[in-house]
Protein chains: 2
Amino acid sequence: MESTATRMLDSAEKLVQTMGFNWFSYADIAQELGVRKASLHHHFTTKGDLGLALIERYIRQFQRALEEIDARQVDAAAKLAHYAKLYEDVLRGKRLCLCGMLAAEYGSLPEPMQAGIRRFFDFNEAWLAQIVTQGRRSGEFHLQGSARDVARMLMSSLEGSLLVARPYDDVERFAASASQIIASLRTPTLRERTRSKPSKGKRRSRA
Amino acid sequence: MESTATRMLDSAEKLVQTMGFNWFSYADIAQELGVRKASLHHHFTTKGDLGLALIERYIRQFQRALEEIDARQVDAAAKLAHYAKLYEDVLRGKRLCLCGMLAAEYGSLPEPMQAGIRRFFDFNEAWLAQIVTQGRRSGEFHLQGSARDVARMLMSSLEGSLLVARPYDDVERFAASASQIIASLRTPTLRERTRSKPSKGKRRSRA
DNA sequence: GTCTATAGGCAGATAGAC
DNA sequence: GTCTATCTGCCTATAGAC
């Protein structure tokens with residue numbers, strides 16, 4: 001059985017991800033759950049408190065999902081594909097990434113929420129950088145730039161792909177962008193390689 | 001001398017791009033311009049009217065900027081670099097793309113604004129697809145996928161790079177992502193080609 | 001922990017004088 | 001085109017009974 005606080009967070013999360021933090025009110029959640037606004041304020045005194053709780057829970061959920069990926073997948077490419085699937089599932093629910101939405105509204109949010117949003121991005125960046133490093137070592141990925149910069153590019157591109165795909169209510173649009181982004185990391189395929197000059201390729205230092 | 005309506009649009013545009021459409025009110029604009037709210041309603045009866053006017057003006061401005069690029073730049077790569085600069089300038093003003101912001105708030109907006117947001121993306125996609133086709137013909141770009149899909153990926157990635165970079169107030173973060181995205185289109189350089197293994201590496205199916 | 005009641009303010013919008 | 005005045009409704013938040 002879910003706690004009341006959890007149901008409140010679930011309802012708020014959906015509202016933020018679909019309509020934005022500045023659009024919804026306590027009345028919306030109260031109505032959906034069949035409680036009074038005052039009950040909401042008992043659990044989350046201010047709207048900022050609620051927003052921060054949302055971000056912190058979202059980070060924890062993402063953390064678990066990434067641990068799951070690390071545990072189940074071996075290849076860097078497979079890990080990355082599953083990472084993209086996480087985003088795709090969000091869009092399937094006709095939502096945006098919680099922190100993607102809040103990043104748009106960033107300037108209007110209380111400071112603790114702003115710090116939480118940056119923590120979410122920092123955490124994702126760190127995980128992705130690790131995957132990029134792994135993929136480069138294994139020869140799966142072909143790329144220039146630091147692992148950190150590639151990680152930032154990947155995260156930003158996926159966030160943007162969600163943002164742009166949603167108005168079209170088109171999961172395929174997202175999937176096409178995501179696979180194109182990921183493909184750009186892949187070592188050139190045989191067909192591409194056979195075009196290249198053979199020769200004494202030396203292993204490059206970090207680009 | 002700027003018309004009152006123009007100054008109203010300028011003020012509203014900045015508020016939307018920094019704080020979001022659902023955050024600001026007519027009172028904010030009225031205060032900044034030293035007029036009354038009723039004057040605003042005279043020019044833009046409803047907030048939705050104002051929002052739509054904002055989108056339409058933004059599209060016209062973008063159109064002019066892209067014509068400028070077409071007129072001044074010859075190479076597809078140079079055109080793309082200038083396109084990215086358009087985004088970078090937005091971030092320099094500590095703003096988001098108007099339609100990127102509105103895409104986040106999409107679900108909460110009146111239908112005419114929603115249609116306008118899609119027009120903006122469609123228009124950008126069409127221009128980018130043309131550049132991609134040009135670059136592929138000239139041999140500047142190396143890519144898989146249709147010009148349309150590459151165009152969508154580029155636009156989404158740049159929108160997302162703005163979104164993620166802004167909380168860090170870091171134009172360099174955007175620039176690094178943008179140049180990485182664009183670099184992924186470039187035909188492998190000689191130096192990159194020489195590194196590839198000749199050999200029978202087996203081709204994996206598309207991820 | 002949930003409720004009723006209410007404060008105090010601001011939202012989007014309109015009427016009508018100047 | 002701009003103003004004053006006003007409407008109606010919703011917002012976040014709190015006090016205090018149950």
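In what follows, chains carry the letters A, B, and so on, assigned in the order in which the sequence lines appear, proteins first and then strands, with residues in each chain numbered from 1. No hydrogens, no waters, no symmetry mates; every other heavy atom, side chains included, goes into these values.
- A:Tyr168 and B:Asp122 share a side-chain donor-acceptor pair at under 3.5 Å.
- With sequence neighbours excluded, no residue forms a ring-ring contact (aromatic ring centres under 6.0 Å, His included) with A:Phe121.
- Residues satisfying the salt bridge (Lys or Arg N to Asp or Glu O under 4.0 Å) test with A:Arg119, not counting sequence neighbours, are A:Glu56.
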Pairs under 3.5 angstrom only: tabulate donor-acceptor contacts from the side chains of residues 76-91 of chain A to other protein residues two or more places apart or in another chain.
from, atom 1, to, atom 2, distance (Å)
A:Lys79, NZ, A:Gln134, OE1, 3.0
A:His82, NE2, A:Gln73, NE2, 3.2
A:Tyr83, OH, A:Tyr87, OH, 2.9
A:Tyr83, OH, A:Asn124, OD1, 2.6
A:Glu88, OE2, A:Arg92, NH2, 2.2

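- By the side chain to side chain contact (heavy atoms under 4.5 Å, CB included) test, B:Arg57 is found to be paired with B:Thr6, B:Leu9, B:Asp10, B:Glu13, B:Arg60, B:Gln61, residues two or more places apart in sequence or in another chain being considered.
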Close N/O contacts between protein and nucleotides 14-17 of chain D (under 3.5 Å):
none

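- In terms of the side chain to side chain donor-acceptor pair (under 3.5 Å) criterion, residue partners of B:Gln17 (sequence neighbours excluded) are, by chain and number, B:Arg95.
- Within residues 3-14 of chain B, the residues having any heavy atom closer than 4.0 Å to DNA chain D are, in order of number, B:Thr4.
- For A:Ser39 and C:dG1, the shortest distance from a side-chain N or O to OP1 or OP2 is not below 4.0 Å.
- Each ring-ring contact (aromatic ring centres under 6.0 Å, His included) pair with one or both residues in residues 48-74 of chain B, not counting sequence neighbours, appears once here: B:Tyr58-B:Phe62, B:Tyr58-B:Phe120, B:Phe62-B:Phe120.
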Side-chain atoms of residues 64-72 of chain A: list all donor-acceptor pairs with protein atoms under 3.5 Å, sequence neighbours left out, distances to 0.1 Å.
from, atom 1, to, atom 2, distance (Å)
A:Glu68, OE2, A:Arg72, NH2, 2.9
A:Asp70, OD2, A:Trp127, NE1, 2.9

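- If you run side chain to side chain donor-acceptor pair (under 3.5 Å) between A:Ser157 and each of B:Ser161, B:Ser157, B:Ser184, only B:Ser157 comes through.
- Residues satisfying the side chain to side chain donor-acceptor pair (under 3.5 Å) test with A:Thr46, not counting sequence neighbours, are A:Asp49.
- For the pair A:Lys14 (side chain) and A:Gly93 (backbone), a donor-acceptor distance under 3.5 Å is absent.
- Scanning residues 20-27 of chain B for heavy-atom distances under 4.0 Å to DNA chain C yields B:Phe24, B:Ser25, B:Tyr26, B:Ala27.
- Note on the helix from C:dG1-D:dC18 to C:dC18-D:dG1: terminal axis deviation equals 10°, with five pairs used at each end and the result rounded to 10°.
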